[in-house]
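Below is one structure, written out as structure tokens; the observations come after it.
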Amino acid sequence: MKNIFLSLLLIMSLSAFSQNQTTSSAPTKPKLVIGIVVDQMRWDYLYRYADKYGETGFKRLQKGYNCENTHIPYVPTYTAPGHACVYTGSVPALHGIIGNDWYSRESRSKVYCTGDTNYKTLGTEGRAGRMSPDKMLTTTITDELCLASNFHSKVIGIALKDRAAILPAGHAANAAYWFDGKSGNWISSSYYNDSLPAWVNAFNNKKLPKKYLDENWNTLYKLSAYIESSEDDNSYENPYSIESKPTFPHEVSKMSEKNPEVITYTPWGNTLTFDFAKDAILNEHLGAGLYTDFLTISCSSTDLVGHQFGPNSVEVEDCYIRLDKDLGDFMSYLDKTVGAGNYIVFLTADHGASHAQGFNRDHHLPGGVVTNDTLWKICNEFLKTKYGKDSLIGMLYDMQIYLDNDRLKQSSLDKDVVKKELISFLPTVSGVAKAINLCELKTTPLPQAYLDLFINGYNQQRSGDIQFILDPAYMEGFTKGATHGTGYSYDTHIPLLWYGWGVKPGHDYTQTYMTDIAATLAALLHIQEPNGCIGKPIIGLMK
Ligand SMILES: [Zn+2]
């Protein structure tokens, strides 16, 4: 009897509590947080193509709080460290994600940032789902939301690229889903669940990639209207495998049957991502419960199109015009399902990109290409001539050199001496500006702001011995198309837009950093910041 009485009392107090929660005029917390990371989006794309954007996509988000001067505070500027930084508020020195992959001295081979053979693939055959976030050493803002709500909040990560879904969703996520190019399915890892939910299988059965690719890729507006970009036919771009020229119309339908992955190299990769995100919101009831949920989305196709064609291409411009429409459509879906004012969106990028080298050359701008294989060969020759020993370099990757410790020992060579020799030699190679000893960063003669990028990017267990810095607009590889990875502003300057619940509209021209995003979310949501967070809350946007 006493138990029944106590239970009744508890139910009455809980219902009073939930009424308090729902009857106040403005919600005290958002129902849903949506993080959108546009892969390889340079900040200037917000303005460069503005004449062709509508009012409901980027421009609607810009009516929120616009941090115009947001930079990445570390090198190297690649996808995995970018996503890890946005959501941990931390840098490779602490979160450990120093690249998409890195060299393991123990296994004497490269390891992938989210590869994990402890888990099985869900949704297809093969290894594409054998993944986890375990190599990320710090918590994410999504983890902290789970901790703060005693795991009542739902967190789901979605992106074409596995790393762009897994790292943002964090360690405690309910699920992360990514696209398998071989099967054309959205898949996952047994790290999260034992099987795919029925709604994911149903989505895969719709076979949307083929449907989209059957349309082929033509420009949305007349080709002559793309005055913001280079001529369609030029020598800076990579044609698709079936083409002799990199020009519209791209007959992607011809490739889709054998290779569904081709959708990731078209604007429809982003459309497909938002289609999947909408189904996730609907079927997982995101933003429909008492607790704040978090959906992380990354648009990966912008990166693949950018690498293929370069920032000054009609293809990149058309990709952003179509993404603008997809964004507008997604926001109106959020209005209908979660309700305007109940959700907060932030949009940023994992890195920018440099212009294609041929484009720079033809416009008398500095720049060039350094290929890793050639540089490795040159360094090896130098060491061989100097010491009479071959293969003293274990790996040259991501602008870092890992010396082979075993070979040095066998050859009775002092590592510090060899390092010093190589560091003096490297800047004699065309395109290499400087080489630095990663163990002695504090005393390296570089401007402090620039040096900090390397200090933040250096992880003692995972990084190499020597970092080489290329001259501005020099790229690792990519004789055509473009890439990223440096500490120069074309790679580090990213958009950062905030919109919706809790956001005071405004423009901010002060310097903010990628690491400030997680710190700001923690402040807005009144939850603990991620444990390795070094960012500061952006107070200008707080209501
Ligand atoms: Zn990239």
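When a ligand or atom number is given, it counts from 1 through the structure's own listing order.
Shown here are the side chain to side chain contact (heavy atoms under 4.5 Å, CB included) partners of Val369, two or more places apart in sequence or in another chain: Gln357, Thr371, Thr479. Lys258 pairs by the side chain to side chain contact (heavy atoms under 4.5 Å, CB included) definition with nothing, not counting sequence neighbours.
Judged by the 6.0 Å distance and 45° axis criteria, Lys278 is not positioned over the aromatic ring of Phe330.
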Contacts table for residues 81-93: side-chain donor-acceptor under 3.5 angstrom, sequence neighbours left out:
unit_1, atom_1, unit_2, atom_2, d
His83, ND1, Thr79, O, 3.0
His83, NE2, Ser298, OG, 3.1
Thr88, OG1, Ala84, O, 2.6
Thr88, OG1, Ser90, N, 3.0
Ser90, OG, Gly532, O, 2.8

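Defined by atom type and a distance below 3.5 Å, a donor-acceptor pair is present between the side-chain atoms of Tyr499 and Arg60.
Excluding water, every protein N/O/S atom under 2.8 Å from the Zn ion (ligand 1) is given here by residue and atom: Asp303 OD1, Asp303 OD2, His307 NE2, His484 NE2.
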Assess whether side-chain hydrogen bond (donor to acceptor under 3.5 Å, both in side chains) is satisfied between Thr271 and Asp326, documenting all intermediate values. CA-CA 6 Å; Thr271 314; Asp326 288 340; 2.8 Å; yes

